[in-house]
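Before any comments, here is the structure.
Hydrogens, waters and symmetry mates play no part in the numbers below; they use all other heavy atoms, side chains included. For this chain, numbers begin at 1 and follow the sequence in order.
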Amino acid sequence: MSVIVSLAGIALPFGLGSALSIPLYHQFIDPSVHFTYFMLFTGVAYSITAFPVLCRILTELKLLDTTVGIVVLSAGVGNDVVGWTLLALSVALVNAGSGFTALWVLLTCVAFTIFLLLVVKRAMLWLARVTGSTNDGPTMFYMTVVMILLWACAFFTDIVGVNAIFGAFLAGVIVPREGGLAIAMTEKLEDMVTIIFLPLYFTYSGLNTDLGLLNDGITWAFTIAIACLAFLGKFGGCTIASRLSGFSWREASTIGALMSCKGLVELIVLNVGLSAGILSPKVFSMFVLEALTLTFMTTPLVTALYPPERRVIATSGGAPPQTRDEEDHDFDADKKSLVNEEQPWRYRFTVILDKLEHMPCMMALTQLACAPVPDISLTTALSMSTASDPAPLKYKMPEVSISALRLIELSDRPSAVMKSSTTDTLIHTDPLLGIFRMFGELNDLPVSTSLTIVPYDDLAYNVVDHAKRNASQLILLPWLPPCAGTAETSEGATPWREKLDHNPFEAIFGTSRDKSTSAVHSQFVRRVFAQSETDVAVFVDPGNHINTCAGTGGSHHIFLPFFGGPDDRLALEFVVQLCANPKINATVVKMEKREIENTQIERLPTAHSDIKVDSNLLALPHQHGLTTSSIVAFPDTVYGQPNTEMRMQSETADSIIWSRYAGRNLSDSDIPGPLRAALSRINFTNLASPVPLHAAIQRASMCQRVLVVAGRSKRLAVENHHAELKDLMEEHRVMGHEVTRKTIGDVATAFVVSGCATAMVVLQAANVEME
């Protein structure tokens with residue numbers, strides 16, 4: 001199928017270009033140029049497709065996993081190879097004095113290419129393995145050998161009579177692809193090429209382009225004809241071939257639009273033709289305008305012809321293809337009845353892996369969230385009470401499902417585009433996915449992995465879309481707040497330092513956006529919060545402990561300040577799920593803001609606890625030293641204003657869920673066994689205070705190695721804690737924290753400022769509507 005599309009994308013444009021070369025030659029070309037050479041070159045210029053630009057467009061439009069994207073990539077490769085071969089033949093014919101000389105040049109180039117592919121390529125692979133370049137990236141010696149080979153190949157093809165660019169092209173072809181060596185070499189060279197050589201080449205092309213030569217009606221008529229025929233040849237040939245191969249008209253036209261992309265490759269072809277004397281400056285300018293026009297119109301045309309909801313995803317194993325909407329509907333039945341009153345646990349998780357420094361947080365949160373199956377002693381005890389308590393026998397533990405999504409930002413670098421085209425290989429070699437797969441095996445957790453490479457603006461959408469397509473009940477995200485001293489890169493050790501000094505350039509040019517790692521990542525987290533149709537849990541590492549996630553396999557104590565609202569209700573259900581683990585117990589305090597003389601704790605009559613609290617741990621740990629956080633110019637997450645009815649429904653739901661867990665008698669026979677075991681490890685209390693945040697922090701400080709779980713409470717919040725949070729930051733001599741407050745809410749920010757939590761989990765509910 002791809003071969004047919006590629007041949008059609010070469011044959012028809014070549015024929016149209018050859019036909020158009022007749023009037024072009026008689027109107028604009030000097031008679032000293034052989035018509036055959038000009039006709040061949042015009043056909044090649046029409047037949048060429050800009051494969052690098054094509055890869056970039058497919059990646060940015062997220063078409064690599066579609067049937068259209070796969071066919072276009074395969075056809076583009078074939079088109080590129082044939083086009084470069086024809087161009088080499090054209091240059092050889094021009095530079096040769098006779099037909100025999102041209103044949104000698106062509107045979108020499110063929111022999112040189114065979115020698116490179118059969119001998120030098122194997123030698124380069126052997127050298128890469130010997131020097132360890134396939135495992136740890138290219139060494140300095142290997143890079144030196146590659147650069148010498150590059151200049152030698154370019155010099156040879158130039159002296160033979162073919163342009164030096166063909167030798168450089170062949171040198172790039174024989175570089176080994178094993179172990180991502182070609183991508184690693186691109187990463188080393190791309191900065192110099194992009195910053196120095198590429199602008200120089202475009203400047204050279206611009207100097208050769210003189211639009212002032214297009215100064216009459218005949219010239220503009222030919223320019224329009226060149227552009228129209230170039231588009232019709234590519235678009236028509238590839239569209240008809242795709243339609244005959246079984247694609248719909250929409251998909252076939254999309255393939256034709258993508259194959260009509262020109263870009264830098266045609267500029268290279270045109271410069272080769274100009275330097276060889278085949279093109280005049282006026283014809284060169286006409287073709288440059290055609291190349292730019294076709295390149296600029298590719299992306300909007302493809303977007304209009306092939307919207308996201310109509311895209312067909314490629315499948316393996318002979319499975320029928322599906323659109324993205326059909327994939328979403330496949331999980332509708334699974335998403336229903338997964339969480340109910342008798343089964344509050346969530347067992348379908350989407351775990352986000354983006355950076356190496358976030359891996360400990362995500363492994364700790366995953367290990368905590370995936371409660372183990374009740375042990376043998378508990379099962380035996382429950383089976384002994386079947387006569388009076390038949391509920392445990394009716395309860396069936398759902399199967400845990402973990403989908404790990406590796407996010408890689410698609411930058412403007414060519415190496416990022418190369419990585420996006422090797423996703424199938426990268427998913428097996430990515431170190432973060434390998435670490436998480438091993439973590440799943442060690443903890444007997446079923447882990448499925450996937451990888452996506454998209455621009456930064458599409459990261460949040462891909463997370464939400466992935467969770468929806470996998471029917472996930474909870475998205476697990478990592479986040480390191482600005483005060484935590486995050487690392488700027490995965491490999492480096494340059495900590496992010498907050499600056500106290502005023503920058504005079506900000507007063508001149510205006511306040512710029514804070515582009516620190518934590519600030520940019522917080523924007524990503526907030527976008528997930530705003531777009532998600534699934535519950536979201538964010539693991540926050542405050543950074544005030546040497547080993548935040550240490551001891552997750554030992555005993556843990558959880559503290560939940562329950563203020564009310566949909567997010568706090570989700571947090572309560574999550575705490576109940578965590579306490580299904582026998583090594584975890586919790587304290588849940590229902591907070592109430594009330595003016596009273598003495599703050600005291602009222603325990604419910606049915607409260608139950610097996611927690612031993614050290615009474616000496618009453619003092620709050622203060623942070624000595626002044627820290628600040630720059631205010632980021634990102635907007636806060638904005639939700640619709642709730643009406644009175646919604647608030648009343650939310651308050652009623654708060655009372656119901658509190659009585660369901662805190663006021664439940666554990667001797668009731670209708671409570672499932674795992675739920676009874678979880679509730680037995682939770683201490684439910686009430687606490688009224690005029691300063692609820694201070695009171696909650698003081699209560700949490702009574703516990704060692706405390707994991708604080710809180711709701712984000714950006715929607716339907718019961719209390720406004722902004723004033724108290726401001727006072728709290730002044731008490732702890734902390735300035736800023738605007739990024740933290742916008743990301744995780746006021747309650748969680750208060751615990752970050754106080755520093756009393758070993759770690760935190762902040763949750764946001766997906767749906768706040770009441771029935």
Side-chain angles (χ1 to χ4, degrees), residues 9-10 13-14 16-25 27-30 33-54 76 79-95 154 157-158 162-166 168-169 197-214 219-220 222-231 233-234 259-298:
I10 294 175
F14 190 90
L16 293 177
S18 300
L20 184 63
S21 65
I22 298 176
L24 277 176
Y25 179 81
Q27 186 72 27
F28 301 106
I29 302 301
D30 190 271
V33 178
H34 291 282
F35 171 73
T36 306
Y37 301 160
F38 179 75
M39 181 190 69
L40 181 61
F41 184 84
T42 306
V44 171
Y46 264 45
S47 303
I48 205 75
T49 295
F51 185 72
V53 180
L54 187 62
N79 193 296
D80 216 33
V81 172
V82 174
W84 282 105
T85 304
L86 292 176
L87 182 60
L89 177 61
S90 303
V91 176
L93 288 175
V94 172
N95 293 332
T157 54
D158 186 56
V162 184
N163 197 282
I165 194 171
F166 297 101
F169 174 77
F197 295 116
L198 194 60
L200 287 177
Y201 191 81
F202 277 108
T203 302
Y204 175 74
S205 300
L207 291 174
N208 291 329
T209 304
D210 186 3
L211 297 180
L213 297 176
L214 310 181
T219 304
W220 277 106
F222 272 102
T223 303
I224 296 173
I226 289 172
C228 292
L229 286 180
F231 177 76
K234 278 287 185 180
M259 292 296 291
S260 64
C261 178
K262 298 296 183 179
L264 177 63
V265 175
E266 183 162 354
L267 289 182
I268 295 174
V269 173
L270 295 177
N271 279 286
V272 170
L274 183 64
S275 61
I278 301 176
L279 296 180
S280 65
K282 177 178 286 191
V283 175
F284 175 83
S285 301
M286 295 161 64
F287 272 95
V288 167
L289 191 59
E290 168 262 332
L292 295 177
T293 302
L294 265 61
T295 302
F296 289 151
M297 65 183 294
T298 301

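Between the S285 side chain and the D210 main chain, a donor and an acceptor come within less than 3.5 Å of each other. Between the side chain of S21 and the main chain of F38, no donor-acceptor pair closer than 3.5 Å is present. Between the side chain of K234 and the backbone N or O of S47 there is at least one donor-acceptor pair closer than 3.5 Å.
In this view, Y201 and N271 satisfy the side-chain hydrogen bond (donor to acceptor under 3.5 Å, both in side chains) rule, not counting sequence neighbours.
Across all their heavy atoms, P13 and G9 have their closest contact at CG-O, 3.1 Å. For T49 against M259, the heavy-atom pair with the smallest separation is OG1-O, 3.1 Å. The heavy-atom pair separating V33 from I29 by the smallest distance is CB-CG2, 3.9 Å. Considering all non-hydrogen atoms of both residues, T209 and S205 come closest at OG1-O, 2.8 Å.
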- Query: When you look at M39 and Y25, which way does the side chain to side chain contact (heavy atoms under 4.5 Å, CB included) test go after all the steps?
  - Reply: CA-CA 8 Å; M39 181 190 69; Y25 179 81; over 6 Å; no

- Task: Kindly determine whether M286 and L214 satisfy side chain to side chain contact (heavy atoms under 4.5 Å, CB included), including the steps that lead there.
- Result: CA-CA 8 Å; M286 295 161 64; L214 310 181; 3.4 Å; yes

- Message: Test side chain to side chain contact (heavy atoms under 4.5 Å, CB included) on F287 and V269; report intermediate values, then the result.
- Response: CA-CA 10 Å; F287 272 95; V269 173; over 6 Å; no

- Apply side chain to side chain contact (heavy atoms under 4.5 Å, CB included) to the pair L40 and T36, showing each step before the final yes or no. CA-CA 6 Å; L40 181 61; T36 306; 5.5 Å; no

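Put simply, the side chain of L267 reaches to within 4.5 Å of the side chain of F202, judged on heavy atoms. Side-chain contact between V272 and I278 is absent, with no heavy-atom pair separated by less than 4.5 Å. N208 has its side chain out of reach of P281: every pair of non-hydrogen atoms, C-beta onward, lies at least 4.5 Å apart. Contact check for T42 versus F14: no side-chain heavy atoms found under the 4.5 Å cut-off. Here the side chains of L270 and V288 are in contact, with some heavy-atom distance below 4.5 Å.
Residue-environment remark: CZ (F35) exceeds the threshold of 12 foreign heavy atoms within 6.0 Å.
How far CG of D30 is from CG of L279: 13.0 Å, rounded to the nearest 0.5 Å.
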